[in-house]
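Each remark here refers to the structure printed beneath this line.
Positions are given from 1, in the same order as the sequence printed here. These numbers come from a predicted model, not from an experiment. Just follow the structure's listing: the first ligand is 1, and inside any ligand the first atom is 1.
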Amino acid sequence: MHVVIVGGGVIGLVTAWRAAQRGMRVSVVDPAPGGGAARVAAGMLAAVTELHYGEEGLLALNLASAERYAAFADELAEATGQDVGYRACGTLAVALDSDDRAHLRELHALQQRCGLDAQWLSGRECRRLEPMLAPGVRGGLRVDGDHQVDPRRLASALLTAGERAGVAFRRARAGRLLLAGDGGGRAAGVRLDDGTELTGDTVVLAGGSESVRLPGLPEAVVPPVRPVKGQVLRLRMPKTPGPPFLSRTVRAVVRGGQVYLVPRESGELVLGATSEELGWDTTVTAGGVYELLRDAHELVPGLTELPLVETCAGLRPGSPDNAPLLGPSALPGLQLATGHYRNGVLLAPVTGDALAESLATGLLPEVARPFGAARFAPAGVAGGRAAAASSPTPRSRQELPA
Ligand code: GLY
């Protein structure tokens with residue numbers, strides 16, 4: 001069985017590695033594998049602190065992936081000799097004013113209803129854990145189970161693991177989906193930008209938000225995925241003896257915007273992120289940088305002393321219900337692994353396992369079944385169903401941001 005994977009970001013790479021481990025012949029098509037949103041992402045594994053109302057179904061998938069992370073990181077290290085920067089350091093979510101505190105109390109109540117482990121702390125207790133926090137912090141949630149990984153190292157290790165498992169990398173752009181069969185009713189491979197045709201038994205579309213832009217994709221199976229821009233900054237923490245600048249991920253909602261600080265053992269401090277519905281734009285803007293620094297400064301005033309070493313922006317692949325689209329699509333021969341929105345890095349282990357299973361058997365494992373790729377397909381399209389009353393309204397390609 002030859003599997004052609006379009007997209008060599010973390011999701012495409014983990015799918016390739018797991019499929020190759022199951023004995024499939026695998027090709028990954030990407031001009032720069034190991035790039036994409038993972039170059040930008042902070043790498044929070046925040047199943048509990050990023051819980052949102054209405055995403056309780058997604059929580060089960062997020063937790064299943066979070067549980068696999070330590071073993072996944074060890075397996076990658078063994079396969080490649082590379083450390084992916086998995087750090088079981090926990091997270092502290094804090095409130096800066098009374099509105100933030102009310103918001104965080106609501107989140108805590110939701111977490112408790114979902115049976116999650118999160119401990120309410122006073123402002124003083126928060127500052128005892130993280131002395132660099134602003135004196136005005138009103139309270140917070142200590143979540144010892146939300147960890148972090150370094151997405152750049154993760155992508156690099158997955159690339160090496162794939163190469164060692166026999167994955168072929170075609171460093172080119174996929175120019176068109178090839179169709180075969182009666183009336184072109186089946187995906188048969190891709191034509192690369194240089195005109196070469198790469199045929200396969202199954203094509204996996206794993207191009208993040210770019211997945212919707214593959215020419216030749218029949219309208220009815222274009223995944224309902226849109227780009228959601230995130231701007232992220234990288235600072236450098238001092239290497240001084242004594243207590244670390246921050247010892248765990250710290251996050252807050254400041255005037256409705258998310259701000260988080262992810263301190264790495266290397267000294268890198270990742271500060272994110274904006275959330276902007278601006279189509280395919282990846283410009284780093286003065287306004288974005290200003291807002292992130294302004295909000296982070298309220299949270300940890302001392303960070304304005306740190307060197308700012310990098311600014312970047314990437315695109316989250318947002319889906320109508322904020323959950324990924326996995327496995328067989330309504331087009332025979334085409335499977336999807338996209339739409340991971342805020343959770344691509346977190347969901348990498350469970351996505352790799354789920355796609356390897358669906359490629360081998362045609363069926364997703366139970367934990368991934370609610371996130372089937374055909375759940376938004378219009379009624380009448382094979383494998384699809386009419387949007388059920390409980391499902392969000394599907395978006396057509398025309399509704400996506402230009
Ligand atoms: N999960 C972090 C973000 O999407 O910004």
Applying a heavy-atom cut-off of 4.0 Å, say which part of Q258 lies close to ligand 1: side chain, backbone, both or neither.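 Looking at Q258 and ligand 1, no heavy atom falls under 4.0 Å.
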
What I want to check is whether the side chains of Q82 and S156 have a donor and an acceptor closer together than 3.5 Å.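 On atom types as modelled, these side chains qualify, holding a pair under 3.5 Å.
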
Polar side chain donor-acceptor pair, Q258 to E50, under 3.5 angstrom: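 Short answer, no.
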
Does ligand 1 have any atom that is closer than 4.0 Å to a heavy atom of Y260?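 For ligand 1, residue contact (heavy atoms, under 4.0 Å) with Y260 is present.
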
So that I can tick it off, tell me whether [Y] and [X] are bridged by a salt bridge, with the cut-off set at under 4.0 angstrom between side-chain N and carboxylate O.
X    : Y    : result
R173 : E210 : no
E357 : R18  : no
R152 : E310 : yes
R68  : E75  : no

Subset of ligand 1 atoms that lie under 4.0 Å from at least one heavy atom of [X]:
X    : answer
E50  : 1 (N), 2 (C)
R342 : 1 (N), 4 (O)
M44  : 2 (C)
A273 : 5 (O)

Give me the nearest non-hydrogen protein atom to atom 4 (O) of ligand 1 as residue plus atom name, then the distance to 0.1 Å.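 Checking every protein heavy atom, the shortest distance to atom 4 (O) of ligand 1 gives R316 NE, 2.7 Å.
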
